[in-house]
**Q** 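Okay, handing you the structure first.
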Amino acid sequence: MRPPARPSFKARLRAFFRPPRTLSVTKTGRTYLVVTFGVGLGALNTGNNLLYLLLGLLLSMVVVSGVLSERCLRDLTVRRVGADAAFAREPFAYRWAVSRKTGHGFALTFSEDLSPLTGTGKLGHLPAGREHIVRADLAAPHRGPLRLSGVRVTTTWPLGLFAKTRVFPLDGMLLVYPRRGYACNEPGPAERGPRGEAGSPRHLDGTGDVAGLRELGVNEDARRVHWLKSAAAGRLLKVEREREERRVWKLALESGLTGDALERRCEELAAQAHQLLDGGNEVGLQLPERALRPSAGASQERRILQALAWVGFEDADVGAEREAA
């Protein structure tokens, strides 16, 4: 059984001792520093005042870059909006909301800190007093609950020499559904027959075959009046149709599966459920420790995907399931 996805002890220790700002040199910045170092050597060896002036100008630009990038990262407020649905190894839409009280922010890049999620969201300009939604296409390496610890905000403004980063601590959970790829095997035969009143062909007023005609009652819908027969009979006749039978599938996840076999089976069940529900059928799911009653629609597909995403992660925090919904 795979343990719950969470940052390692080394990653959490590194986050604890990490300074409030981190700084890295870009490719352009490395070239700039080499040129500055060369100008400095030339000034020391030749004593040329023009080279000293140029060296001072280059160093002052480094200071100006640090001050302006720091102003971009101050007074920011970031909250995590999240994703409507995240599937493993498939790009999914992810959102953050960001605002600031005063000043302007430029060239901001957003990502999840200490997370296996790949991808970033970018915002060119952030004015004061308005909340902006930053969108990104992220990808998760595997299914299951994914702990989130914070949001990284990075800027290279104004010169692109350095990338300054600030991390906003935000605990959260992202439930990654299994990938809906393709199913190699058929889901098996469907269960037929009347089930309650919803799918029973014995009940009328459906969309199936014509069962007969009868006189239109008081306050009944007149859209099903057969006007030709009504004109011949001299009274309003309503067409009665049988309800179409809805087929039911009960998918099952075998017990004892682990590792890649479990992942492959979860993906196959997710694909089969998507295909069957998309065709208007009812689908249920039998897991080793729980079962989902057959139902139809997008909400049933979401329940099936959530159940499959938690298989193998039952030891995770109980309260996390509610956060990940």
Side-chain angles (χ1 to χ4, degrees), residues 83-90 92 143-144 175-214 216-217 220-226 237-258 260-314 321 324-325:
D84 296 332
F87 294 89
R89 290 179 285 174
E90 293 181 9
F92 58 89
R143 68 169 180 90
L175 183 61
V176 181
Y177 300 152
R179 184 182 62 167
R180 296 176 303 181
Y182 58 90
C184 298
N185 300 320
E186 296 294 331
E191 297 183 359
R192 295 178 178 273
R195 297 182 62 258
E197 295 184 355
S200 175
R202 300 174 183 172
H203 291 75
L204 304 180
D205 287 346
T207 58
D209 297 333
V210 175
L213 298 172
R214 66 172 176 84
L216 183 69
E220 282 192 322
D221 190 359
R223 287 177 295 181
R224 292 194 174 183
V225 171
H226 196 297
L237 298 178
K238 178 184 177 181
V239 179
E240 288 186 325
R241 294 180 180 273
E242 294 180 344
R243 288 187 177 178
E244 291 182 337
E245 183 183 9
R246 178 175 288 177
R247 293 184 294 178
V248 179
W249 270 269
K250 288 185 178 179
L251 306 178
L253 177 64
E254 299 79 4
S255 59
L257 295 178
T258 58
D260 293 339
L262 176 61
E263 298 299 322
R264 183 70 193 95
R265 183 56 179 156
C266 288
E267 293 179 1
E268 189 173 46
L269 290 175
Q272 291 175 348
H274 177 70
Q275 294 173 1
L276 295 174
L277 291 171
D278 192 49
N281 303 296
E282 294 186 1
V283 180
L285 179 63
Q286 178 64 51
L287 298 175
E289 298 180 354
R290 57 179 297 198
L292 294 179
R293 298 178 58 184
S295 185
S299 59
Q300 177 68 0
E301 182 178 4
R302 193 177 188 88
R303 286 191 287 270
I304 292 176
L305 291 174
Q306 288 179 350
L308 292 174
W310 280 99
V311 174
F313 299 94
E314 291 83 359
E321 187 169 1

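Note that these values count all heavy atoms, side chains included, but never hydrogens, waters or copies made by symmetry. For the single chain, residues carry numbers from 1 onward in sequence order.
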**Q** Calculate, to the nearest 0.5 Å, the distance between atoms CD1 and SG belonging to Ile304 and Cys266 respectively.
**A**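 So the gap between those two atoms works out to 12.5 Å.
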**Q** Hey, does Leu262 have a side-chain heavy atom less than 4.5 Å from the side chain of Arg143?
**A**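 In short, these two side chains touch, coming nearer than 4.5 Å.
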**Q** Without hydrogens or angle criteria, can the side chains of Arg303 and Gln300 be said to hold a donor-acceptor pair below 3.5 Å?
**A**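 Side chains of Arg303 and Gln300: pair found under 3.5 Å.
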**Q** Which pairs pass salt bridge (Lys or Arg N to Asp or Glu O under 4.0 Å) with one or both residues in residues 175-184, sequence neighbours excluded?
**A**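 Residue pairs passing salt bridge (Lys or Arg N to Asp or Glu O under 4.0 Å), neighbours aside: Arg179-Glu267, Arg180-Glu301.
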**Q** In this structure, which one of Leu277, Asn281, Leu285 forms a side-chain contact (heavy atoms from CB on, under 4.5 Å) with Trp249?
**A**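 Of all the options given, the one that passes is Asn281.
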**Q** Which heavy atom in Val176 sits nearest to a heavy atom in Ala88, and how many Å separate them?
**A**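 Taking Val176 first and Ala88 second, the nearest heavy atoms are CG1-N, 3.4 Å.
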**Q** How close do Ala252 and Arg265 get, counting heavy atoms only, and between which atoms?
**A**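 Heavy-atom minimum between the residues: O-NH2, 3.0 Å.
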**Q** The criterion is side-chain hydrogen bond (donor to acceptor under 3.5 Å, both in side chains); which residues satisfy it with Asp84, sequence neighbours excluded?
**A**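 side-chain hydrogen bond (donor to acceptor under 3.5 Å, both in side chains) list for Asp84, sorted by chain: Arg95.
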**Q** Considering all heavy atoms of both residues, which atom of Ala83 and which atom of Phe92 are nearest to each other, and what is their separation?
**A**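 Heavy atoms only, the tightest pair is CB-CD1, 3.9 Å.
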**Q** Output the distance between atom CD (Glu282) and atom CG (Leu276), rounded to the nearest 0.5 Å.
**A**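 One gets 11.5 Å once the value is rounded to the nearest 0.5 Å.
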**Q** Could you tell me whether the side chain of Leu213 reaches within less than 4.5 Å of the side chain of Val239, counting heavy atoms only?
**A**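 Yes, side chains in contact.
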**Q** May I ask you to test the Leu287-Leu308 pair for a side-chain heavy-atom distance under 4.5 Å?
**A**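 When only atoms from C-beta onward are counted, Leu308 and Leu287 do touch, with a gap below 4.5 Å.
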**Q** Look up atom NZ in Lys250 and atom CG in Leu292, then write down how far apart they are to the nearest 0.5 Å.
**A**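 Rounded to the nearest 0.5 Å, the NZ-CG separation comes to 11.5 Å.
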**Q** Could I get the full list of ring-ring contact (aromatic ring centres under 6.0 Å, His included) partners for Phe87, not counting sequence neighbours?
**A**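 By the ring-ring contact (aromatic ring centres under 6.0 Å, His included) rule, Phe87 matches Tyr177.
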